Amino acid sequence: MEENNSQTQDTEGQPNTQVQEPQPVKPQKKKSDIWVRIGVGILYMAILIGFFMLKIFVNDFLFDFIVLAFSVLGTFEICRAFKHKITRAQAVIVMIFTTLTVLTFCVSDFVFMEVFEVKWGQSNYTPLITLVVFIAGLAVILGLLVLAHQKTSLESTGYTLIAYVYPLVFLLILAGCNHLQKYSDAAILFIFLICPFCDSLALVFGRLFGKKLPKKMAPNVSPNKTLVGGVGGLVGGAIGAVLVFFIYYGLCTPLRAESFENIVFEWESLYLFLGVGVISSFFAQFGDLVESAIKRKLDIKDMGKILPGHGGLLDRIDSSLYAGLAVCLIFTIRIMVIMS
């Protein structure tokens with residue numbers, strides 16, 4: 001009995017009253033949203049492909065509907081992100097004139113090209129008409145300093161101008177790519193195919209060489225992006241350009257000609273496509289950094305929640321906005337050289 005009692009006492013002779021605490025229950029891991037992300041990504045690409053097919057088989061201008069949708073949704077997202085920095089009146093004006101500007105460009109160019117059948121070198125006043133509507137929006141935004149003087153500050157006006165210009169101006173460039181008289185299909189393919197290749201190769205290069213070459217691309221804006229990853233993005237742009245080249249000449253051009261019998265690859269244009277791929281991938285990466293900087297200034301993770309697993313629409317197309325600028329400029333110069 002004494003031996004048994006001694007087993008119930010600690011070394012100091014005190015009763016061992018310590019009770020074993022239950023092990024904490026580990027919180028259940030959150031179910032991965034990978035399948036949601038994949039599903040939304042597939043749906044997004046399906047919508048793009050659907051409108052691209054309508055562009056080829058029905059009319060080029062049908063692709064303008066998706067540009068208009070991007071403009072409205074993207075502007076709504078940035079106005080929502082600025083909700084504590086701009087007034088309701090400013091947000092409403094931005095939404096109205098964003099929609100009017102895109103509609104003006106698309107409808108006006110359709111009228112001049114399809115109704116009036118304006119040819120290369122003839123007067124097409126679409127840019128001028130669009131510019132007038134866009135500047136009218138600027139005038140109204142600045143006019144609120146008078147019309148709503150007590151509620152409107154210079155700071156809120158500055159944020160309103162950012163919300164008005166971004167992403168509207170860049171999406172007008174996307175509409176411009178859709179309205180090119182030549183290389184229109186290639187331009188759209190570049191904008192939406194180069195960015196995934198750029199992102200993928202940037203990720204691969206970053207993981208393979210990031211530890212040995214850890215130099216950051218923009219440490220104060222996006223600490224995870226390295227210069228070597230940026231180089232990988234340029235390589236991805238070149239690879240994507242080759243794919244665009246074969247899709248454009250091997251699929252898009254025959255579909256428009258309604259014949260696959262005499263497929264002709266303009267091999268001399270491959271260098272042009274490679275150049276566009278590399279340059280547009282550079283702009284794509286910079287566009288991604290620009291939006292990252294905006295979100296960091298606002299202290300937010302995503303611009304919206306419309307695309308589960310991806311964030312907002314602007315989070316999905318931020319790279320494409322800047323890529324479109326490079327694509328449109330290069331192909332416009334190419335067309336001017338060919339048709340001059």
Side-chain angles (χ1 to χ4, degrees), residues 33-53 55 63 66-67 69-70 73-74 167 170-171 173-174 177-178 183-208 210 217 222 224-226 228-248 250-252 273-292 302-304 306-328 330-331:
D33 61 350
I34 183 65
W35 292 111
V36 174
R37 181 178 177 86
I38 293 175
V40 172
I42 292 174
L43 178 61
Y44 172 78
M45 292 304 300
I47 293 174
L48 287 178
I49 293 172
F51 276 94
F52 189 73
M53 290 296 101
K55 167 182 169 61
F63 197 82
I66 200 167
V67 177
F70 283 175
L73 292 174
F170 294 96
L171 285 168
I173 296 296
L174 175 58
C177 288
N178 185 44
Y183 297 116
S184 173
D185 297 339
I188 298 298
L189 287 172
F190 265 109
I191 292 172
F192 291 106
L193 280 183
I194 288 298
C195 293
F197 275 87
C198 176
D199 292 342
S200 299
L201 268 293
L203 180 62
V204 171
F205 272 56
R207 290 187 174 181
L208 290 178
M217 184 183 299
S222 186
N224 294 327
K225 288 183 171 61
T226 59
V228 69
V231 173
L234 300 181
V235 174
I239 296 174
V242 175
L243 179 62
V244 171
F245 176 82
F246 283 101
I247 293 177
Y248 177 65
L251 183 61
C252 295
F273 278 59
L274 286 172
V276 174
V278 173
I279 295 174
S280 61
S281 64
F282 172 83
F283 275 81
Q285 294 181 77
F286 188 77
D288 184 54
L289 289 174
V290 168
E291 183 156 318
S292 295
D302 297 316
M303 279 292 186
I306 193 172
L307 299 174
H310 297 263
L313 178 67
L314 286 178
D315 298 303
R316 194 71 176 82
I317 67 171
D318 53 359
S319 301
S320 300
L321 297 180
Y322 271 74
L325 178 64
V327 170
C328 189
I330 296 174
F331 278 125

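It should be emphasised that the depicted structure is a prediction, and the values quoted were computed from it without experimental measurement.
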Check whether any side-chain heavy atom of [X] lies under 4.5 Å from a side-chain heavy atom of [Y], and answer yes or no.
X: Leu234; Y: Gln285; value: yes
X: Val67; Y: Asn178; value: no
X: Phe190; Y: Tyr248; value: no
X: Phe170; Y: Leu174; value: no
X: Leu193; Y: Ile247; value: yes
X: Tyr183; Y: Ile330; value: no
X: Asp185; Y: Phe52; value: yes
X: Met303; Y: Asp318; value: no

Do you know the tightest heavy-atom contact between [X] and [Y]?
X: Ala238; Y: Val278; result: CB-CG2, 4.1 Å
X: Gly206; Y: Thr226; result: CA-OG1, 4.2 Å
X: Asp315; Y: His310; result: CB-O, 3.6 Å
X: Asp302; Y: Gly312; result: CB-N, 4.4 Å
X: Ser280; Y: Val327; result: CB-CG2, 3.9 Å
X: Gly236; Y: Phe197; result: O-CB, 3.3 Å

Could you state the interatomic distance from [atom1] ([X]) to [atom2] ([Y]), rounded to the nearest 0.5 Å?
X: Phe246; Y: Leu251; atom1: CZ; atom2: CG; answer: 13.0 Å
X: Ile317; Y: Phe70; atom1: CD1; atom2: CZ; answer: 5.5 Å
X: Leu203; Y: Arg207; atom1: CG; atom2: CZ; answer: 4.5 Å
X: Leu189; Y: Cys177; atom1: CG; atom2: SG; answer: 11.5 Å
X: Leu274; Y: Ile279; atom1: CG; atom2: CD1; answer: 11.0 Å
X: Ser319; Y: Ile191; atom1: OG; atom2: CD1; answer: 12.5 Å

Worksheet item: Please walk me through it: do Lys55 and Ser184 pass side-chain hydrogen bond (donor to acceptor under 3.5 Å, both in side chains)?
Response: CA-CA 10 Å; Lys55 167 182 169 61; Ser184 173; 2.5 Å; yes
Item to complete: Answer yes or no: does atom CZ of Phe51 have more than 12 heavy-atom neighbours from other residues, nucleotides or ligands under 6.0 Å?
Response: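 Result for CZ/Phe51: enclosed.
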Practice prompt. Under the ring pair (Phe, Tyr, Trp, His ring centres under 6.0 Å) rule, collect the residues that match up with Phe283, sequence neighbours excluded.
Written response: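 Phe283: no ring pair (Phe, Tyr, Trp, His ring centres under 6.0 Å) contacts found.
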Discussion item. If the condition is ring pair (Phe, Tyr, Trp, His ring centres under 6.0 Å), which residues does Phe286 pass it with, not counting sequence neighbours?
Written reply: Tyr322
